[in-house]
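Notes follow the structure.
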Amino acid sequence: MWRELLPLGRHPDSGGYRRFAWTAVDGECRAWFEEQATARGLRHEVDRNGNQWAWLGDPAEGDAVVTGSHLDSVPDGGAFDGPLGVVSAFAALDELRRREVRLTRPLAIVNFGDEEGARFGLACVGSRLTAGQLTREQAHRLTDGDGVTLPRAMEAAGHDPDVIGPDPERLARIGAFVELHVEQGRALDLSGDRVGLASAIWPHGRWRFDFRGEANHAGTTRLADRHDPMLSYAETVLAARREAELAGAVATFGKIAVEPNGVNAIPSLVRGWLDSRAEDQMSLDTVVDGIEKAARSYADAHGVGLDIVRESFTPVVEFDHALRDELARILGTDTDLTVPVLGTGAGHDAGILSGSIPTAMLFVRNPTGVSHSPAESAREDDCVAGVLALADVLEGLACR
């Protein structure tokens, strides 16, 4: 399975992946998912929000156990973030069949659409829509960098954008969702453990900073006469690093747009996107407030206008304690694994769904901690350990 999926959307120059929502490459990944489902005799369906499901058993019975993740990527992302959870889900089902276990609850594997938000700027669109955290009207206003709206992109891919929206009936049929994911950090590598359990997802958000200056000639305009928004932006980037260090948090300006974007022109607009995350809400508020205060001070000093817009926000997500404890019991009783419990600064579909259904996450060791990069990796024996742990969990939940 891994070898079949690996070439899809891989950029020949960077070696990273460009699997963006509702593109031709996304269609290839979705076709791969359907092929895996069909090959195993599972019932494949696409829900109103474009998420793919592969069912074993009748979902109408309710109390289903669901696992899976996503197949899309960030720009030039790695191979493991998302796909490891989907491939492992199919592999875990194969393992359950090898064990000849008898399921007493319906089981499903899911591929959530547009988890990374690389194309339309909002993460977890498929699961947000399903959980009612994103309305149809809000989704219809999403636009990519080329001006293509989400509805237009969905139509081009053969999906009806007018049917998207909350799906409470589907969520009511799910008793538990367990997402396996490569760890996006080095906690497991440092502890020497192959598999871990998630305790919570840090609160996190995305903010857009629009620095508005005055375009002018780079060679003829005196430094004293300039209103250069790039200076204010650059100083704000450094301020973000300082504020994050002081609070024990993280803050990143990872995306920027410049107008008119000419080598010999002073910019009229510098638009930068801030991603910030912290262990608790108070720390996050402290970081973002500090960055905003610094940005306004720098903008005033250079005669530059500034608008700050919060584009998305997710509060702290505590995974279902009863389900997490059940997973720890299953893995602690039936395996020789030591399974530490750890928090994460990365958002996931499991975090979005946690407000509607019991959710839990398994992490697989990442030897370097690198993620959202072509260097993202996991050893094969660790991946196998993750598959077996997931199979043990699914057996413990769906065969009781």
Side-chain angles (χ1 to χ4, degrees), residues 19-23 26 29-30 45-53 66-74 81-82 85-86 108 110-144 148-154 157 159-174 177-179 181 198 200-208 273 275-277 284 309-320 344-361 372:
R19 297 168 174 164
F20 306 147
W22 305 111
T23 62
D26 182 51
C29 292
R30 295 167 69 86
E45 66 170 332
V46 179
D47 69 20
R48 62 193 301 179
N49 297 309
N51 306 309
Q52 290 180 281
W53 301 78
V66 179
T67 187
S69 191
H70 64 94
L71 294 175
D72 66 314
S73 76
V74 298
D81 179 354
V86 179
V110 63
N111 167 35
F112 283 108
D114 201 6
E115 193 270 356
E116 296 289 7
R119 183 174 182 186
F120 297 101
L122 179 65
C124 301
V125 170
S127 55
R128 284 183 192 272
L129 283 167
T130 300
Q133 296 183 22
L134 178 67
T135 67
R136 180 184 306 161
E137 293 72 24
Q138 290 170 330
H140 278 199
R141 290 196 292 269
L142 295 175
T143 305
D144 70 10
V148 178
T149 63
L150 175 63
R152 182 177 160 195
M154 294 178 79
H159 192 82
D160 184 359
D162 291 331
V163 301
I164 64 175
D167 201 347
E169 292 182 1
R170 180 173 299 275
L171 292 177
R173 297 200 294 259
I174 301 174
F177 174 60
V178 180
E179 181 174 3
H181 205 280
I201 297 176
W202 288 8
H204 56 279
R206 297 179 181 183
W207 290 261
R208 191 185 78 236
W273 281 264
D275 179 301
S276 189
R277 309 165 191 233
L284 181 61
V309 179
R310 190 178 80 176
E311 292 194 336
S312 67
F313 177 74
T314 302
V316 62
V317 173
E318 288 279 350
F319 288 109
D320 187 87
T344 175
H348 301 280
D349 291 309
I352 298 297
L353 297 181
S354 66
S356 304
I357 57 176
T359 63
M361 290 193 71
H372 284 188

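For the numbers below, each heavy atom of this structure counts, side chains included, while hydrogens, waters and symmetry mates do not. If you're wondering where the values come from, they're calculated on a predicted model, not measured in any experiment.
Applying the salt bridge (charged side-chain N to carboxylate O under 4.0 Å, His left out) test to residues at least two apart or on different chains, the pairs with a partner in residues 131-144 are Arg119-Asp144. Under the side chain to side chain donor-acceptor pair (under 3.5 Å) criterion, the residue pairs touching residues 347-361 are Ser127-Asp349, with sequence neighbours excluded.
Taking the side chain as every heavy atom from C-beta outward, Asp72 and Cys29 never approach each other to under 4.5 Å. Looking at Trp22 and Val148, their side chains never come closer than 4.5 Å, going by heavy atoms from C-beta outward. No side-chain heavy atom of Glu116 sits under 4.5 Å from any side-chain heavy atom of Arg19. Side-chain contact between Asp114 and Phe120 is present, with at least one heavy-atom pair separated by less than 4.5 Å.
Under the side-chain contact (heavy atoms from CB on, under 4.5 Å) test applied with Asn111, the options Asn51, Val46, Leu71 reduce to a single match, Leu71. Across Asp160, Val163, Ile164, a single residue satisfies side-chain contact (heavy atoms from CB on, under 4.5 Å) together with Arg48, and that is Val163.
The line from NE2 of His181 to CE of Met361 is 5.5 Å long, rounded to the nearest 0.5 Å. How far OG1 of Thr344 is from NE2 of His204: 9.0 Å, rounded to the nearest 0.5 Å. Atoms CG and CG, from Leu122 and Leu134 in turn, are 6.0 Å apart once rounded to the nearest 0.5 Å. Interatomic distance, Arg206 CZ to Arg310 CZ, rounded to the nearest 0.5 Å: 13.5 Å.
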Enumerate, atom names and distances included, each donor-acceptor pair closer than 3.5 Å involving a side-chain atom of residues 311-318, sequence neighbours excluded.
| residue | atom | partner | partner atom | Å |
| --- | --- | --- | --- | --- |
| Glu311 | OE1 | Trp273 | NE1 | 3.1 |
| Glu311 | OE2 | Arg208 | NH1 | 3.0 |
| Glu311 | OE2 | Trp273 | NE1 | 3.4 |
| Thr314 | OG1 | Arg128 | NH2 | 3.4 |
| Glu318 | OE1 | His321 | NE2 | 3.4 |

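By the 6.0 Å contact criterion, CZ on Arg152 is open, its count of non-hydrogen atoms from other residues, nucleotides or ligands being 12 or less.
Judged by distance alone, with hydrogens and angles left aside, the side-chain atoms of Asp167 form no donor-acceptor pair with the main-chain N or O of Ala131 at under 3.5 Å. For Glu115 (side chain) and His70 (main-chain N/O), no donor-acceptor pair under 3.5 Å exists by modelled atom type.
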